[in-house]
Amino acid sequence: MSLESKLLTKLEKVNLAKQLKPHTAKARNLEGEPPPTITWHLGEKPVEPDDVIQYHNEDYATHLKFTNLTRPYSGKYTIRAVNKSGRDEATVNINVLSKPSRPEGPLEINDVTAKGCKLQWQPPKDDGGTPLEGYQVEKMDVLTGKWTPVGKVGKDKTEIPVTGLDEGKKYHFRVKAINNEGESEPLKQIDQHLLKILFDKPGTPGIPEIADFDKDFVVLKWDKPAKDGNAPITSYIIEKKDKISGEWVKAAEVPGREGRVGGLIEGQKYEFRVKAVNKAGPGEPSDATAPHLAKPKFLKPRIDRANLKNMSIKIGQTVNLDVNVIGEPPPEIVWQLNDVDVKASETIRIDNSDYNTKFYLLRATRKPSKPKGPIDVSDVHKEGCTLKWGEPEDDGGCPIEYYEVEKWMRILAAVNKEGDSEELETEGSTLAKNPFDEPSKPGRPEPTDWDVDHVDLQWAPPANDGGSPVTKYIVEKRKKGAHKWHKAKEIPGDKAAATVGDLEEGEEYEFRVIAVNKGGKSEPSDSSRPVTAKPKNLAPKIDRKNLNPLTVRSGQAVKLDIDVKGEPTPTITWTIDGKPLAESSRIKPQIEPYHTVFVITKALRKDTNKYTITAKNSNGTDEAVLELKVLGKPSKPKGPLKVADVHAEGCKLSWDPPEDDGGEPVQQYVVEKWTLRQAVGRIRATETEKATTAKNPFDEPGQPGKPSAKDWDKHHVDLTWAAPFSDGGSPITSYIIEKKDKYSSKWQKACEIIGDACEARVPDLIEGMEYNFRVRAVNKGGPGEPSVPSDVITAKVRYCKNIIY
């Protein structure tokens, strides 16, 4: 032990966190003649007594006293003793622990945005005598006056990003250094900081143009904004709005001035706009595109035949045909009559537009010719007569339904002896009409069967036929949600059922029926319930596009959406090894009509398995398998852990691989050791069944004889001893000499002598100090038991000068 540590061991560390009692450093046994002059120094400056530090000297001793030490009193204290025979000095370090000084400024604020900034500072000049642990950063909203934490950083960092600020608010910031003793005084910014954007948001981009499209996507291009807000534009946000929701939603974010928006619904109209983004955030949106219909880019023309049913009209009536046409690019539309193009005229008008044509026939000119005469009047009597005539040569294109008969009536007012009065005529002609009305509306049509392209309907006849039998029924259809009804079919009046074809698979339809008699058309029936054009009987079919083998890491979430077709609606089940999959807090399969979702909120290694999804209905069964692998840590190596070839320097270990490799090949094994005095090792480790003593096949040597001093001086002693009775079965290779002074309770190694000689010189002794010595013999088995300690031996010289010890 050094002279300094002997003198002031208790002063090496002083904790300022405690209220210190007065402490005295006393140097005693200052030998020499005459008594030496004693002085104390802090560094190179003499110690000046004050309220904290005081000292006084006496012959051969000095006393240094501290009361309520503070950090500035840390340092190297030197005691010097001088007389005519010479001088000596010794030093001791006193480290007063305290909180660190505040971090060095200035507290710089950089990279300010609408939501945050970055703070920077310098380390404190004084760490308080113990290593820094880190820094605590706080903020204060000037309006509330309350300090709240921003975060902590380690001792090696002097900056921190600040997030979650409110644009336009004023904030204070401060930083504190932290060590074991507590927090320093805070470093604050010079004045309050108005959080503002050092750059503006970018301007509006140009109106996006549609560069490419198909039924479910568009590709847009646009010009950059005139202003970038003094910060580079990092991306563009594309927004879309459909006609149904009427709300703008984010569709994509791209780095350049071109972007693709997918997931569009065919037949839906969309508008698009673009926002530029820089460090300040998104700018104002561009003007929107014109409404764009999600449609195929290339599509063969197809005419919607719903309104193109054969019809018959009367002369002078109007025909109005509204026909939709699909196809991309928009098809050219032509009307023909007997293979000759129809031209517009006084009675015909054609209006063509993209995907639609309207045909108007005004005042049809064909009507029946007059009945063939002459009229044959017979069976004339006062109540009436019988009229006969021939059919017209031209029925006007459709069967004659009835004839209108008019008559003139002459009434002789009165007859007497003088004769007849003047004739009285009817004021106008009288129309002979049928004595019946239109029928009442039929019953609501009910679907009785269906498939992908047709629906079978039946309904109840009208409760009242209006006095004339129903001659036909007109069946109308419309897609669910549409307003306009379209004629689908005509059925003879003696049938109250129909098959409506030409339906689109997957579309939902409504139907109604109109009854017709000689009096005209009834009111439409109530609408049928919605019917989807789909198979009525279809074996289940599981969509396997999301059922590829899946590998995830332990702790990750799993979510798979799986569609299932089939009619009637299939029953869906999940199983493992033929057993139903049990729902838990982590594994939650969700089942809906025609759809199921497989969810694991936090996958574990044990979830690795083959999961079977089964869909079943009256028409069949379908099964598909999801292979899920969850990667994790391997299980512990398989024991027992065998120990062989044990010797002092090591041994050989062997074990078997783990039963579970965690889903990936084992890359390596970590081998650990501990002594029986240490805690048990890490979890999941394979351990030996019992402790293994690392020893050679021979023992340590026995105890050497008690050492004694053969010679000495002020800084060394020459020792000699007897060899041990037993060398342990291996030759002695060295001796270890240990020493202990009178002020110490522990033995420490003084030196080691190579070879089997039983004598050694022990150096580096302190003059005047009393020591005990002992010896250990060493062979391949290691050091043996120590010898009996020597008698007290004093390090001393023939001639003495001033010595502090």
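This one's a predicted model, so the numbers in the text were calculated from it and none came from an experiment.
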Next item on the list: Please step through salt bridge (charged side-chain N to carboxylate O under 4.0 Å, His left out) for the pair Asp502 and Lys489, ending with a clear verdict.
Entry: CA-CA 11 Å; Asp502 200 22; Lys489 200 163 190 178; over 6 Å; no
Go through the side-chain N and O atoms of [X] and [Y] and say whether any donor and acceptor fall under 3.5 Å apart.
| X | Y | answer |
| --- | --- | --- |
| Glu253 | Ser235 | yes |
| Glu567 | Asn537 | no |
| Ser286 | Trp222 | no |

(Q) In the structure I gave you, are the side-chain heavy atoms of Pro462 and Val470 within less than 4.5 Å of one another anywhere? (A) yes
With a 4.0 Å cut-off on N to O distance, would you call [X] and [Y] a salt bridge?
| X | Y | value |
| --- | --- | --- |
| Lys441 | Asp526 | yes |
| Lys309 | Glu490 | no |
| Arg544 | Asp622 | yes |

TODO: For the residue pair Phe272 and His292, categorise the inter-ring angle as parallel (less than 30°), tilted (30 to 60°) or perpendicular (more than 60°).
DONE: tilted
Practice problem: Evaluate the ring planes of Trp459 and Tyr473, with Trp represented by its six-membered ring, and classify them as parallel (under 30°), tilted (30 to 60°) or perpendicular (over 60°). | Solution: perpendicular
Short side-chain to backbone donor-acceptor contact, [X] and [Y], under 3.5 Å:
| X | Y | result |
| --- | --- | --- |
| Asn278 | Ala280 | yes |
| Asp437 | Gly467 | no |
| Asp563 | Ile542 | no |
| Tyr270 | Ile265 | yes |
| Ser440 | Asn464 | yes |
| Thr499 | Asp456 | no |
| Thr289 | Pro208 | no |
| Asp322 | Asn307 | no |

When Glu504, Glu508, Glu510 are each screened for salt bridge (Lys or Arg N to Asp or Glu O under 4.0 Å) with Lys479, the one that passes is Glu504
Within a radius of less than 6.0 Å around [atom1] of [X], do more than 12 heavy atoms belonging to other residues, nucleotides or ligands occur?
| X | atom1 | result |
| --- | --- | --- |
| Lys602 | NZ | no |
| Lys487 | NZ | yes |
| Glu523 | CD | no |
| Glu391 | CD | no |
| Glu332 | CD | no |
| Lys536 | NZ | yes |

Partner of Ile591 under side-chain contact (heavy atoms from CB on, under 4.5 Å), picked from Thr596, Thr571, Val597, is Thr596
Partner of His595 under side-chain contact (heavy atoms from CB on, under 4.5 Å), picked from Asp561, Val564, Ile562, is Asp561
Sorted by chain and number, sequence neighbours left out, salt bridge (Lys or Arg N to Asp or Glu O under 4.0 Å) with Arg444 holds for none
Run the side chain to side chain contact (heavy atoms under 4.5 Å, CB included) check on Ile600 and Leu628 step by step: do they pass? CA-CA 11 Å; Ile600 300 180; Leu628 176 64; 3.7 Å; yes
